[in-house]
Chemist: 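The structure follows.
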Amino acid sequence: MDLEFSAAEQAFRQEVRTWLQEHVPAEPLESLETATGFAQHREWERRLGAAGLSVVSWPVEHGGRGATPLEWLVFEEEYYAAGAPGRVSQNGINLLAPTLFAHGTPDQLARVLPPMAAGDVIWAQAWSEPDAGSDLAALRANATRVDGGWRLSGQKTWSSRAAFADRGFGLFRSDPESTRHRGLTYVMFALDAPGVTVRPIGRLDGRPAFAELFLDEVFVPDDDVIGAPGDGWRVAMSTAGNERGLTLRSPGRFTAAADRLVAAWRAHGDPSDAALRDRVADAWIAARAYRLKGFETVSRTDDVGAEASVNKIFWSELDIALHETALDLLGPDGELAGDWLEGYVFALAGPIYAGTNEIQRDIVAERVLGLPRGNR
Amino acid sequence: MKFVLNAEQRMFGATLRELLSGAGVPDVLRGGDWRPLWSALADAGVFAVAVPEKYDGAGVLPVELVTALHELGRHAVPGPVVETVAAAVLLDRDPLADAWLPRVASGDAVVSVARPYALDADRADLVLAADGTDLRAAAPGRELTSLDPARRLFEVVPGEVLARGVDTGPAFDLATLACAAQQLGVGRGLLERTVAYAGTREQFGRPIGAFQAVKHHLASVLTGLEFARPLVYGAALAHGTPDFARDVSAAKAACARASYAAARVALQVHGAIGYTEEFDGSFSIRKARALYNAWGSPSEHRARVLAAL
């Protein structure tokens, strides 16, 4: 058992650190949930892509660096420690791309991946519907067979990044006779295609971080179906663990935030406030725990499976605790616009998206602990 | 990097688990003599991993040590195990080492340490008390009553000076890590016991573990324990580095909280039976509370973490 980095891993860390030192914008970008900020973040993705650093974990043949999971953790540590901008391409890079690696055709890989890695096409996810949130299998937006493809109709919602993104991916009911998990098809579509209406939704701070999508007979060619028609649930779930596990929120993000919190405590903390001091320490300890847990995860040879849900519960609660502590440390300034407040608003969504923490606890109880299934 | 136990380390834990599962620990806890169990644990190598090789130990092996303490905690093993770990470090100096360390490694000597009270001081072969930088032998004084009946605590009366100029830090840090691992094991044992109970105990015509309220309690306990464990093993790997004290404190604070949360949920899910002394799990429920502030409170350890950053 050890926590040592190899010479190659250390060299990779140094390479990433050096590049970031030279290229991370001195002035923070605007929030990526605004039109201007989104454009700035897209430009940043293009710079990352040109440097070969946008998709380090992808296989080399698809334009990545073939970084091992541990090297990816190293990249993420350096990325967030450097204060680099949030990743506006994340949905595509960490969710759609792994799905394509597993189920995509050579043609799809060749068409979709290079512009994604280059930052030219930003992807939004389209899973939830007004009546299908936690119960995703209740979804009703449909795909109707037509000559050469499908026509999509219905409504999607809570579609992150969709206010400004280029394309979307999601599940549609392609067999009108089907129920639940059967008869669904995984589809990619353009957000500016005829028949698509995007209605941005302001999140708690008013920024349009997500959107409703209204689809009216939107044509999608067969080439943009991933996996077999009707097999969409299995295709989507094969990478759901990615989102709940490490890839959605890497440890580097939290260790960097915890280090900033400790620095803020040093600068502004009241040493006599033991309760707040304890929370600062707890946030740092939890971030370290998540980092070490990440090293454990990438060291394992067995499938993490449903244990990814334990991760999702932990990081989403850590993210909120960390930012709440920072706001309390700031006192009367805690309610004012700034990085901590933006991080806080972002963190508040964590226990809700990617499967609410209530759903995650059901999964943990039934599939990790082996408790009996019950009525929801 | 390989941040998981290797095959030998896993085997060590499995051997202890098997030994303890068949050792009748609940009977020992209800008034039996724990010295035979102590000897069996020593034979399995539990104390050798805290003693250097030249004194008949296996060398100080922190990963093996926490692996062992995790299993001992899981089975609520009584006796001054953590104290003996501290003593193994305190006694690693001339002329004490020759006389004591081979006996500690073999299980022949049980050593307690006052912190401030000494566990099983009346049954220990030696009781140590730190007095500034003096290390003294101590005699058992008044017996105290702990919530945890397996923790027979004594005030001590300091006696002869055994060594001067002793830095107790390394010994107490290693013992604190051992205690954190013990807490983690206490929590893990309680979770396993409670999951088993929730799967069989029926109310309203179904197992209570089918109810979401119960499931979510248990999922939260697992989450706490799963993220305390890497802190324990990470601290074990930091032994001998400048970060050791910081990492031990991080582990202790997290394990105290996770273990205590496991105890509260175990009590709640077991209902009234969990509140009785006849319930075997009650030893662990009480131990989780007793250990919460042992070897430094979570708040003291958090302060130590922040001070080290």
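Order of the sequence lines sets the chain letters (A, B, ...), proteins ahead of strands, with each chain counted from 1.
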Chemist: May I ask you to name which of B/Ser220, B/Ala198, B/Pro298, B/Pro207 has the most heavy-atom pairs under 4.5 Å with chain A?
Modeler: B/Ser220
Chemist: I need the A/Trp284 CH2 to B/Leu306 CG distance, nearest 0.5 Å.
Modeler: 9.0 Å
Chemist: Side chain, backbone, both or neither: which part of B/Ala303 has a heavy atom under 4.5 Å from chain A?
Modeler: both
Chemist: Let me know if B/Val305 has heavy atoms under 4.5 Å from chain A in its side chain, its backbone, both or neither.
Modeler: side chain
Chemist: Less than 3.5 Å apart, any donor N or O on the side chain of A/Arg277 or B/Ser299 sitting next to an acceptor on the other?
Modeler: yes
Chemist: Counting only heavy atoms closer than 4.5 Å, note whether A/Val298 contacts chain B via side chain, backbone, both or neither.
Modeler: neither
Chemist: Side-chain donor-acceptor pair under 3.5 Å between B/His216 and A/Asn357, yes or no?
Modeler: no
Chemist: For A/Val262, which atoms come within 4.5 Å of any heavy atom of chain B: side chain, backbone, both, or neither?
Modeler: side chain
Chemist: Taking atom CD of B/Glu18 as the centre, report whether more than 12 heavy atoms of other residues, nucleotides or ligands fall under 6.0 Å from it.
Modeler: no
Chemist: How far apart are the closest heavy atoms of B/Ala219 and A/Leu369, and which atoms are they?
Modeler: N-CD1, 4.1 Å
Chemist: To the nearest 0.5 angstrom, please state how far the NZ atom of B/Lys2 sits from the CG atom of A/Leu70.
Modeler: 10.5 Å
Chemist: With the threshold set at 4.0 Å, does a side-chain nitrogen-carboxylate oxygen contact exist between A/Asp278 and B/Arg302?
Modeler: yes
Chemist: Just how far is it from atom CG of B/Leu218 to atom CG of A/Leu371, taken to the nearest 0.5 Å?
Modeler: 6.0 Å
Chemist: Non-hydrogen atoms of chain A under 4.5 Å away: do they reach the side chain of B/Val195, the backbone, both or neither?
Modeler: both
Chemist: Applying a criterion of heavy atom separation less than 4.5 Å, what residues of residues 259-274 of chain B form contacts with chain A?
Modeler: none
Chemist: With a 4.5 Å cut-off on heavy-atom pairs, point out which of B/His301, B/Arg246, B/Gln9 contacts chain A the most.
Modeler: B/Arg246
Chemist: Evaluate the side chain to side chain contact (heavy atoms under 4.5 Å, CB included) criterion for residues B/Arg257 and A/Asp282: first the C-alpha distance (whole Å), next the side-chain angles of each, then the deciding distance (0.1 Å), finally the verdict.
Modeler: CA-CA 11 Å; B/Arg257 183 155 78 173; A/Asp282 271 340; 3.4 Å; yes
Chemist: Given B/Asn6 and A/Met1, is the side chain to side chain contact (heavy atoms under 4.5 Å, CB included) satisfied, shown in steps?
Modeler: CA-CA 6 Å; B/Asn6 66 30; A/Met1 186 179 221; 5.8 Å; no
Chemist: Measure the CG-CZ distance between B/Leu309 and A/Arg266 for me, rounded to the nearest 0.5 Å.
Modeler: 6.0 Å
Chemist: Side chain, backbone, both or neither: which part of A/Glu307 has an atom under 4.5 Å from a heavy atom of chain B?
Modeler: side chain
Chemist: Given the options A/Ile285, A/Val364, A/Val280, which has more heavy-atom pairs under 4.5 Å with chain B than any of the others?
Modeler: A/Ile285
Chemist: Name the region of A/Thr301, side chain, backbone, both or neither, that has any atom closer than 4.5 Å to a heavy atom of chain B.
Modeler: side chain
Chemist: Quick check on the interface: out of B/Gly199, B/Gly209, B/Gly234, who has the most heavy-atom pairs with chain A under 4.5 Å?
Modeler: B/Gly209
Chemist: In terms of heavy-atom contacts, does CZ of A/Phe12 have more than 12 from other residues, nucleotides or ligands at under 6.0 Å?
Modeler: yes
Chemist: Side chain to side chain contact (heavy atoms under 4.5 Å, CB included), that's the test. Do B/Phe3 and A/Asp2 meet it? Break it down for me.
Modeler: CA-CA 5 Å; B/Phe3 191 49; A/Asp2 72 272; over 6 Å; no
Chemist: Tell me, side chain or backbone of B/Glu226 under 4.5 Å from chain A's heavy atoms, or both, or neither?
Modeler: both
Chemist: Residues of residues 184-194 of chain B under 4.5 Å from chain A (heavy atom pairs)?
Modeler: B/Leu191
Chemist: Let me see the working for A/Glu296 and B/Arg229 under salt bridge (Lys or Arg N to Asp or Glu O under 4.0 Å), right down to the final yes or no.
Modeler: CA-CA 10 Å; A/Glu296 181 186 281; B/Arg229 186 187 59 236; 2.6 Å; yes
Chemist: Checking heavy atoms, do the side chain of B/Leu237, its backbone, both or neither come under 4.5 Å from chain A?
Modeler: side chain
Chemist: Considering only NZ, NE, NH1 and NH2 on the basic side and carboxylate oxygens on the acidic side, decide whether B/Lys215 and A/Asp362 come within less than 4.0 Å.
Modeler: no
Chemist: With side chain to side chain contact (heavy atoms under 4.5 Å, CB included) as the criterion, how do A/Asn311 and B/Phe227 come out once you've worked through the C-alpha distance, each side chain's angles and the decisive distance to 0.1 Å?
Modeler: CA-CA 9 Å; A/Asn311 252 19; B/Phe227 283 87; 3.0 Å; yes
